[in-house]
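This report concerns only the one structure given below.
The model shown is predicted, which means the values in this text are computed figures rather than measured ones. Indexing begins at 1, ligand by ligand and atom by atom, following the structure's order.
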Amino acid sequence: LTGESIRVPLGDRSYDVEVGRGLLKEWGARLHACGARGRVALVTSTPVDELHGETARRSIREAGLDPLALSVPDGEAAKTPAVAAELHERLLDAGAERGTWVLALGGGTVGDVAGYAAATFMRGVPFAPAPTTLLAQVDASVGGKTGVNLPRGKNLVGAFHQPELVLVDLATLDTLPGRQLAAGWAEVAKAALIADAELFRYLESSVDAVVERRPEAVSRLVASAIRIKAEVVGEDERDLNGRRALLNFGHTVGHALEGAAGYGTLLHGEAVAIGMSVASRIACELGFLSPEDETRSRSVLERLGLPVRLPAVSVDAVLERLKHDKKVREGRVRFVLTGPIGVASLHADVPHSLVRDALASLTSAGDGMTPSHGEPHP
Ligand SMILES: NC(=O)c1ccc[n+]([C@@H]2O[C@H](COP(=O)([O-])OP(=O)(O)OC[C@H]3O[C@@H](n4cnc5c(N)ncnc54)[C@H](O)[C@@H]3O)[C@@H](O)[C@H]2O)c1
Ligand SMILES: [Zn+2]
């Protein structure tokens with residue numbers, strides 16, 4: 001089996017992200033090589049279990065480990081304190097101890113709740129995710145952020161807990177619906193736009209191959225995006241010195257849009273794509289990004305099948321949500337802006353009026369779907 005290892009450099013908490021096609025068949029052996037022994041808890045959701053659970057369990061058993069299957073609800077419904085507590089109870093039922101490994105097989109939601117359960121069970125047990133969505137492979141599973149949602153907001157409870165090993169089997173993406181895949185490509189484009197102009201050029205030149213899911217293009221891009229995330233995390237593990245904040249490119253407006261459109265309407269990656277499109281507009285207005293590079297940024301996203309204009313929500317509804325964002329201070333929104341492509345910086349002083357104009361210029365003009373006031377259209 002081919003594959004490559006990407007090191008996340010965190011001193012004695014360093015770990016490898018293994019990337020390759022078919023790696024799930026070797027998961028057990030690689031876990032064993034990292035120190036897993038005996039009983040291991042395998043957290044997954046039913047849809048993922050049906051597609052990839054058997055391969056995972058077989059490889060775990062072949063390595064002499066004993067997988068205890070723990071099922072969580074699919075999607076965002078998994079990310080609650082109650083589900084985490086249920087995982088703790090099931091771990092206790094199974095006689096789990098300080099050294100028991102918790103594995104996650106699934107998207108970012110499974111990884112976030114399983115990682116949080118692992119971070120908090122007996123003050124922390126070893127954690128090893130095998131992410132199965134593109135978004136989780138290039139973003140959620142690397143960096144040690146774990147957590148659950150509260151009714152008042154997403155990711156309000158959590159912990160930093162670095163994994164022992166991350167196993168990225170690119171073959172699991174074969175079963176991923178196109179819309180979910182595109183949402184993951186938004187985060188790959190983000191990584192290129194903020195940190196790697198050469199990677200962005202490669203993405204531009206290989207969009208057709210990407211859309212056709214050609215393995216070489218997929219593997220090169222996924223590995224490159226993981227390398228960027230690993231490097232940023234290595235420099236700012238706890239999100240304290242501003243480096244990790246650059247990963248929020250597109251996310252200020254993205255988060256506001258996710259809420260304004262009604263949670264579940266836009267996928268996270270779709271909202272981020274629109275957010276990057278808006279941020280690029282602002283960066284161009286401020287003179288950081290040339291008009292050509294603004295167009296290039298947006299057109300790659302479009303060609304990946306991502307939205308780059310506001311859906312049927314009002315500009316005011318988005319601005320209202322931005323106001324409540326913790327990144328806002330005295331009418332000025334904190335934005336990550338790119339310019340030139342491959343370079344990102346944090347701006348604490350973007351005037352509200354500029355944000356409004358950028359949003360207004362990116363409404364889905366002419367389709368009659370964008371009211372200027374009030375709630376989103378049904
Ligand atoms: N911890 C972090 O640093 C971090 C970073 C980014 C996002 N996140 C979190 O990640 C979550 C989103 O993750 P996601 O986009 O993976 O969503 P998800 O986990 O809900 O998965 C999306 C859907 O894809 C299905 N699925 C998963 N793998 C599949 C496969 N191989 N084939 C077919 N279907 C498959 C799932 O059943 C699910 O219905 C959010 O909760 C977000 O907050 C966390
Ligand atoms: Zn994101």
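- Closest to atom 36 (C) of ligand 1 among all protein heavy atoms lies Asp74 OD1, 3.4 Å.
- The protein heavy-atom contact nearest to atom 35 (C) of ligand 1 is Leu176 CD1, 3.6 Å.
- Within the 4.5 Å cutoff, no side-chain heavy atoms of Asp74 are placed close to those of Thr46.
- Between Arg309 and Glu302 no salt bridge is recorded (no basic side-chain N to carboxylate O distance below 4.0 Å).
- For the pair Arg220 and Tyr202, the distance from NZ or CZ to the six-membered ring centre is under 6.0 Å and the angle to the ring normal is within 45 degrees.
- Protein heavy atom in closest approach to atom 23 (C) of ligand 1: Gln180 NE2, 3.7 Å.
- Taking every heavy atom of Gly75 and a limit of under 4.0 angstrom, the matching atoms of ligand 1 come to 20 (O).
- In summary, the side chains of Thr175 and His52 do present a donor paired with an acceptor at a separation below 3.5 Å, with no hydrogens or angles considered.
- The pair Lys190-Glu187 meets the salt-bridge criterion, with a side-chain N (NZ, NE, NH1 or NH2) lying under 4.0 Å from an Asp/Glu carboxylate O.
- Considering only non-hydrogen protein atoms, atom 5 (C) of ligand 1 sits nearest to Ala140 CA, 3.4 Å.
- When only interatomic distances are considered, the shortest N/O to N/O separation between Thr109 and ligand 1 falls below 3.5 Å.
- Those atoms of ligand 1 with a heavy atom of Thr172 less than 4.0 angstrom away are 30 (C), 31 (N).
- Counting heavy atoms under 4.0 Å from ligand 1, residue Leu267 does not touch it at all.
- Salt-bridge formation is not detected for the pair Arg321/Glu258: no Lys NZ or Arg NE/NH1/NH2 atom is positioned less than 4.0 Å from an Asp or Glu carboxylate oxygen.
- Taking each of Asp49, Val72, Asp139, Val48 in turn, the one with a heavy atom nearest to atom 26 (N) of ligand 1 proves to be Val48.
- For the pair Val300/Leu306, no side-chain contact is recorded, criterion being any heavy-atom separation below 4.5 Å from C-beta on.
- Of all the atoms in ligand 1, the ones that sit under 4.0 Å from a non-hydrogen atom of His52 are 31 (N).
- Inspection of the Asn149 and Glu76 side chains reveals an N or O donor paired with an N or O acceptor under 3.5 Å.
- Short contacts between ligand 1 and Asn155, defined as distances under 4.0 Å to a heavy atom of the residue, involve ligand atoms 43 (O).
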Next on the checklist: Determine whether Glu62 and Arg58 satisfy the following criterion, salt bridge (charged side-chain N to carboxylate O under 4.0 Å, His left out), listing intermediate values before the conclusion.
Outcome noted: CA-CA 6 Å; Glu62 277 169 9; Arg58 193 180 311 130; 5.2 Å; no
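- Note on ligand 1: Glu76 sits in its first shell, one or more heavy atoms being nearer than 4.0 Å.
- Counting protein heavy atoms only, atom 43 (O) of ligand 1 is closest to Lys79 NZ, 3.0 Å.
- Using a cut-off of 4.0 Å between Lys/Arg side-chain N and Asp/Glu carboxylate O, Glu204 and Arg303 are scored as not salt-bridged.
- Protein heavy atom in closest approach to atom 32 (N) of ligand 1: Thr175 OG1, 2.7 Å.
- Using 4.0 Å as the threshold, Glu187 has no heavy atom nearer than that to any atom of ligand 1.
- If you number the atoms of ligand 1 from 1 as listed, the ones under 4.0 Å from a heavy atom of Lys145 come out as 1 (N), 2 (C), 3 (O).
- Of the candidates Thr109, Asp112, Thr146, Lys79 forms a side chain to side chain donor-acceptor pair (under 3.5 Å) with just one, namely Asp112.
- Between Asp349 and Arg334 no salt bridge is recorded (no basic side-chain N to carboxylate O distance below 4.0 Å).
- Closest to atom 24 (O) of ligand 1, if we only count protein heavy atoms, is Thr133 CG2, 4.0 Å.
- Of all protein heavy atoms, the one lying nearest to atom 9 (C) of ligand 1 is Asp112 OD2, 3.3 Å.
- Listed by number with element, the atoms of ligand 1 under 4.0 angstrom from any heavy atom of Lys154 are 40 (C), 41 (O), 42 (C), 43 (O).
- Rounding to the nearest 10°, we obtain 110° for the angle at the Zn ion (ligand 2) between Glu187 OE2 and His251 NE2.
- Geometrically, ligand 1 and Gly108 share a nitrogen or oxygen pair separated by less than 3.5 Å.
- Using a cut-off of 4.0 Å between Lys/Arg side-chain N and Asp/Glu carboxylate O, Asp66 and Arg57 are scored as not salt-bridged.
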